[in-house]
Amino acid sequence: MKIWSSEHVFGHPWDTVIKAAMRKYPNPMNPCVVGVDVLDRSLDNQGRLHSHRLLSTEWGLPSIVKAILGTSRTLTYIEERSVVDPVEKKMELCSTNITLTNLVSVDERLVYTPHPENPEKTVLTQEAIITVKGISLSSYLESLMANTISSNARKGRDALEWVISKLNTELEELKSTREGMKPAMAAASTEK
């Protein structure tokens, strides 16, 4: 078993980061995520948003790893459950692979909270527990997978920044469109 953890501070308020996290896929930084299906989404009586999603991913496993694992399968599925609590300003996301579970399990937990000293920033803490089962060189493979998770975590943070930029651009375009419509709407109202 190998445990990997990380902490990152985004220079954006919690609300902004959470909106981006909910729209993270697809993105050009994580092309291995080839599909996202929402299986269930609901609000509980405390106003928390519960989501259950299925992610389809294309693992780019090196041929040596495929040989050690004894599989050529690269399309895998990940179950993701998240809870967004707008009152406590906390989002917790837990994911686990549901493919190749007889060989490997990766359980990941992400928690987004406002920075304790600056509400204009958001803290992301990540943890992954990697277990390779019944294979020689399992600790080597677990370390290899931890390195991959670390690299993918960086890509995931870059993806959130990309989504935030995209959302800000869309917001500015909507504002411009609205501003451009004001003279036409004013003229239409004076014609009546």
Side-chain angles (χ1 to χ4, degrees), residues 1-33 36-55 57 76-98 104-131 139 142-175:
M1 176 175 67
K2 179 92 174 166
I3 298 173
W4 172 88
S5 62
S6 169
E7 183 175 289
H8 178 76
V9 177
F10 289 98
H12 308 283
W14 181 83
D15 293 354
T16 301
V17 173
I18 298 314
K19 288 174 189 170
M22 299 300 284
R23 295 173 178 86
K24 185 175 173 182
Y25 302 112
N27 70 70
M29 289 79 185
N30 302 105
C32 62
V33 178
V36 178
D37 295 297
V38 176
L39 303 177
D40 186 45
R41 187 165 279 159
S42 62
L43 284 173
D44 65 18
N45 58 6
Q46 297 174 359
R48 296 178 301 194
L49 177 65
H50 295 259
S51 297
H52 182 200
R53 304 191 311 176
L54 179 69
L55 281 64
T57 65
T76 59
Y77 298 98
I78 297 168
E79 179 183 42
E80 177 189 276
R81 293 183 182 271
S82 64
V83 179
V84 178
D85 187 333
V87 175
E88 295 293 323
K89 289 202 172 204
K90 178 180 178 182
M91 176 180 177
E92 184 171 342
L93 184 150
C94 296
S95 64
T96 189
N97 61 300
I98 56 175
V104 63
S105 66
V106 179
D107 298 304
E108 190 172 15
R109 181 175 178 255
L110 290 77
V111 179
Y112 299 86
T113 55
H115 191 281
E117 297 165 9
N118 185 345
E120 293 302 306
K121 294 183 178 183
T122 302
V123 178
L124 164 62
T125 56
Q126 289 179 267
E127 177 182 88
I129 300 170
I130 306 137
T131 308
S139 62
E142 289 167 350
S143 293
L144 202 65
M145 292 181 75
N147 290 338
T148 301
I149 288 170
S150 182
S151 173
N152 286 344
R154 278 190 300 280
K155 292 176 188 175
R157 293 188 300 266
D158 290 344
L160 281 181
E161 293 288 355
W162 178 80
V163 172
I164 289 168
S165 174
K166 189 174 169 188
L167 289 172
N168 287 338
T169 299
E170 289 174 4
L171 183 60
E172 289 304 315
E173 288 172 359
L174 286 171
K175 285 180 182 177

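Side chains included, hydrogens not; waters and symmetry mates left out as well; all remaining heavy atoms used.
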K155 NZ to C32 SG distance, which is reported to the nearest 0.5 Å: 7.0 Å
Under 4.5 Å between any side-chain heavy atoms of E80 and V36, yes or no? no
Does some side-chain heavy atom of T122 sit less than 4.5 Å from a side-chain heavy atom of T113? no
Audit row: T125, V123, side-chain contact (heavy atoms from CB on, under 4.5 Å) steps and yes/no: CA-CA 6 Å; T125 56; V123 178; 4.2 Å; yes
So D107 and S105, side-chain contact (heavy atoms from CB on, under 4.5 Å) or not? Walk me through it. CA-CA 6 Å; D107 298 304; S105 66; 4.3 Å; yes
Does the side chain of K2 reach to within under 4.5 Å of the side chain of S143, using non-hydrogen atoms? yes
Between A146 and W4, the two heavy atoms sitting closest are O-CD1, 4.0 Å
Can you see which heavy atom on G47 is nearest to which on L43, and at what distance? O-CD2, 3.8 Å
Gap between atom CZ of R157 and atom CG of N152 - 0.5 Å precision: 10.5 Å
Just wondering, more than 12 heavy atoms not from K121 lying within 6.0 Å of its NZ? no
Is there a side-chain contact (heavy atoms from CB on, under 4.5 Å) between I149 and I130? Walk through the geometry before answering. CA-CA 10 Å; I149 288 170; I130 306 137; 3.6 Å; yes
Inspect the contact between R81 and E79 and indicate whether a charged nitrogen and a carboxylate oxygen are less than 4.0 angstrom apart. yes
Main chain of Q46, side chain of D44: is a donor-acceptor contact present, judged purely on distance under 3.5 Å? yes
Less than 4.5 Å apart, side chain to side chain, heavy atoms only: is that true for S82 and M91? yes
Under a 3.5 Å distance rule, please check whether S165 uses its side chain to pair with a backbone N or O of E161 as donor and acceptor. no
Can you tell me how far OG1 of T76 sits from CD1 of I98, rounded to the nearest 0.5 angstrom? 9.5 Å
Any V33 side-chain heavy atom under 4.5 Å of P26 side chain: no
K90 side chain reached by P114 side chain, heavy atoms, under 4.5 Å: no
Quick check: does any side chain N or O of W14 sit under 3.5 Å from a backbone N or O of P119, one acting as donor and the other as acceptor? no
Between N27 (side chain) and K24 (backbone), is there a donor-acceptor pair under 3.5 Å? yes
What's the separation between atom CG in L39 and atom CG in D37, rounded to the nearest 0.5 Å? 6.5 Å
Over 60° means perpendicular and under 30° means parallel, so classify the ring planes of F10 and H12, tilted if in between. tilted
Taking all atoms of both residues into account, what is the closest heavy-atom pair of A159 and M29, and its distance? CA-SD, 3.9 Å
Between E142 (side chain) and M1 (backbone), is there a donor-acceptor pair under 3.5 Å? yes
Among R53, H50, H52, find the one that has a side chain to side chain contact (heavy atoms under 4.5 Å, CB included) with R41. R53
d(N30 CG, T57 OG1) to nearest 0.5 Å is 10.5 Å
Under 3.5 Å: donor-acceptor pair, side chain of D85, backbone of K89: no
So N97 and Y77, do their side chains get closer than 4.5 Å, heavy atoms only? no
Are R109 and L93 close enough, and set up right, to give a side-chain contact (heavy atoms from CB on, under 4.5 Å), and what steps lead you there? CA-CA 6 Å; R109 181 175 178 255; L93 184 150; over 6 Å; no
Interatomic distance, OG@S6 vs CG@L110, rounded to 0.5 Å, equals 9.0 Å
Sub-4.5 Å side-chain heavy-atom contact between V17 and I164: yes
